[in-house]
Amino acid sequence: MNRKRIVKPEIWIYTGIFLLALFLRVYRLGELPFGLNVDEAGMGYDAFSLAHWGMDRYFKIRPVYFINYGSGQSVLYGYCCAVLMKFLDPSVVLIRTPAVCFGMIVWLFGTLIIRKLLGKRMAAAGSFLLAVCPCFILHSRIGMDCFLFSGMSVLSLYILLCAIGSQGKKSCLLYMAAGASLGVTLYTYALSWLAVPFFMVFLLVYLLYQKKINWKQILCMGIPLGILAAPLVLEVLINTFDLPEIMTGYFTIPKLMVYREAELSLNNVINNIPSLVNCYFFNDDLAYNSLPTFFSLYLISLPFCMAGIWEACVDTVKSFREKRLNPAVLLFLWFLAQTGMGLLIDGPNVNKMNAVYFVLLFFTVLGLRKAYCNIREQRNRKIYVLCISAVYLFSFVSFGKYYFTEYKEDTFPLPLFWGTYAEVLDEWEDVIGDRTIYTECPYAYYALGEKLSPLEFKLVEKGTEGRDGIWFDLPEEPDENGFYIIFKRHGYAGRLEEAGFTRQESGWYTLLYKE
């Protein structure tokens, strides 16, 4: 009976937090952030093409890496969307649904990791913070491939924690699952190709030093990881050494138009330190990544996170000195791998570093627990808990109020965000007539909105400038007989009005034409 009394309130608490986390990720999903990011649109069209024709927009059969607009895009997000598009029409909500699902994976397995390492009480606190901190909400509401890196990395860390210390057949199965999960992680974001190898080196050195892993377990983890990594290794080799792409009847390892290996350099290290600190603890200049007033984990988290990082660092050193396994060291090793990656890449920002935020939150919870344990009197501990809870609750309510009421007005139009406009073309067909249509939206928005087959769109043959009387760019000098579809508040619209064009509003767009 006592056991039931303990478990039942806990179930209600986690159910409530789960529903809160889900609500914050799905409420007004189709309009916050407003429009589709250019990479969301490109990925969405590739997903639609894969779902119905088994190829991407460049006629590549089930590619292991998307060409996107030339410089590449990871495929896991696109394949998740393609599954949905087999049954449902493309929409903003559908394109962002995988982001919500992987955001909830971060919440679920992040909670389980905190519970496993820090106990039940801190798990409830960590679970709430995973639900309400800005970075986890914002990253779950935009369909960019990179944000799946966070979800898969948290899942991989949880499986590894379960594998370490397990015995026998179960141990081998768990290490195989961990290797497979890390292998899938490589398909979330190209930067994982750097972070995962860093982490694997750190992990194996640590576990071998502690004598907590044997060669059989290493093979169990390494084989599925190696099999899944092999196509991407070939992708790197093809593009590094200018080799021909590999195309079979089942998959393609494509050659990119632009290969960005030059973005990795030791010369970036010194310059990246301020940017890395800024995006870890504060924000960057992209309004869909973070908000200046609230930062990634709320400002109150900063001292606790720093304290948690220091404690994790000390625990890692102790673990090596005493040759005593500490599972929490795995999270510090992931932090080191992410930081090493961030120092080498060109211009680290919040979306590039998205897989670090769970461990930063873990360090925050660790710091909160450390501060609590350092308070001796029970009365003062209660005051501490009440004050910290009140500040976090106030921060969350303030963020929620701003994001769901004022954010759209303050940030619209977001850079590189537009929308599909098939309904505009249908509604204004009589006015358009034989006019040339001009829009600043790239071609992927048109192809996605019209649901065109890649064989019909013929990107390779016809290029990206225009199609079917539509030009995907605004001319320097206005075309007197043109029909313009412009995202609202664009300065170009004012120029056209001054030139005598009639202005109309249609949904997200400003329409301009001469009577």
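Side chains included, hydrogens not; waters and symmetry mates left out as well; all remaining heavy atoms used.
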**Q** Evaluate the criterion side chain to side chain donor-acceptor pair (under 3.5 Å) for residue pair D410 and Y402; output intermediate values, then yes/no.
**A** CA-CA 10 Å; D410 287 351; Y402 174 77; 3.0 Å; yes

**Q** Could you state the interatomic distance from OH (Y158) to CZ (F109), rounded to the nearest 0.5 Å?
**A** 7.0 Å

**Q** Provide the closest heavy-atom pair for L297 versus F136 in the form atom of the first, atom of the second, distance.
**A** CD2-CE1, 3.8 Å

**Q** Hey, can you tell me if F320 and Y209 have their rings parallel, tilted or perpendicular (30° and 60° cut-offs)?
**A** tilted

**Q** Does D39 reach the main-chain N or O of M144 with its side chain, forming a donor-acceptor pair under 3.5 Å?
**A** no

**Q** Taking the six-membered ring for Trp, is the centroid-to-centroid distance between F128 and Y392 below 6.0 Å?
**A** no

**Q** Donor-acceptor pair, distance only, cut-off 3.5 Å: does the side chain of W334 make one with the backbone of A355?
**A** yes

**Q** Taking CZ in R376 as the centre, count heavy atoms belonging to other residues, nucleotides or ligands within less than 6.0 Å. Is the count above 12?
**A** no

**Q** Please check if atom CG in L386 has more than 12 non-hydrogen atoms from other residues, nucleotides or ligands closer than 6.0 Å.
**A** yes

**Q** Output yes when a side-chain donor or acceptor of S153 lies under 3.5 Å from a complementary backbone atom of S150, and no otherwise.
**A** yes

**Q** Quick one: OG on S140 to CD1 on I142, what's the gap to the nearest 0.5 Å?
**A** 11.0 Å

**Q** Determine yes or no for a side-chain-to-main-chain donor-acceptor pair under 3.5 angstrom, with N37 supplying the side chain and F417 the backbone.
**A** no

**Q** At what distance, to the nearest 0.5 angstrom, does OG of S192 lie from CZ of F199?
**A** 13.0 Å

**Q** As a quick check of understanding, evaluate side chain to side chain donor-acceptor pair (under 3.5 Å) for T411 and Y288, giving each step before the final call.
**A** CA-CA 9 Å; T411 60; Y288 56 83; over 6 Å; no

**Q** After noting the C-alpha distance and the side-chain angles of T316 and Y206, does the key distance pass the side chain to side chain donor-acceptor pair (under 3.5 Å) rule?
**A** CA-CA 10 Å; T316 300; Y206 178 70; over 6 Å; no

**Q** Could you name each residue pair satisfying ring-ring contact (aromatic ring centres under 6.0 Å, His included) that touches residues 346-382, not counting sequence neighbours?
**A** H139-Y357, F335-F363

**Q** Taking the side chain as C-beta and beyond, is there a heavy-atom pair between Y79 and P63 under 4.5 Å?
**A** yes

**Q** Between Q210 (side chain only) and S319 (backbone N and O only), is there a donor and an acceptor less than 3.5 Å apart?
**A** yes

**Q** I'd like to know whether CD of Q167 has more than 12 heavy-atom contacts from other residues, nucleotides or ligands below 6.0 angstrom.
**A** no

**Q** Take atom CZ in R28; do more than 12 heavy atoms of anything else shown fall under 6.0 Å from it?
**A** yes

**Q** K216: what forms a salt bridge (charged side-chain N to carboxylate O under 4.0 Å, His left out) with it, not counting sequence neighbours?
**A** none

**Q** By the ring-ring contact (aromatic ring centres under 6.0 Å, His included) test, which pairs, at least two apart or in different chains, include something from residues 164-183?
**A** none

**Q** How long is the span from the CZ atom in R25 to the CG atom in L22, to the nearest 0.5 Å?
**A** 8.5 Å

**Q** Is the ring pair F399/Y298 parallel, tilted or perpendicular, if the boundaries are 30 and 60 degrees?
**A** perpendicular

**Q** For C146, does its backbone N or O pair with a side-chain atom of N354 as donor and acceptor, under 3.5 Å?
**A** yes

**Q** Are there more than 12 heavy atoms of other residues, nucleotides or ligands under 6.0 Å from atom CD of Q378?
**A** yes

**Q** Quick one: CG on L256 to OG on S71, what's the gap to the nearest 0.5 Å?
**A** 7.5 Å

**Q** Is the backbone of T185 close enough, under 3.5 Å, to the side chain of T188 for a donor and an acceptor to pair up by distance?
**A** yes

**Q** Measuring from atom CG of L186 to atom CD of E235, what distance do you get when rounded to the nearest 0.5 angstrom?
**A** 12.5 Å

**Q** Describe, in one word, how the ring planes of F23 and Y27 are oriented to each other, choosing from parallel (under 30°), tilted (30 to 60°) and perpendicular (over 60°).
**A** parallel

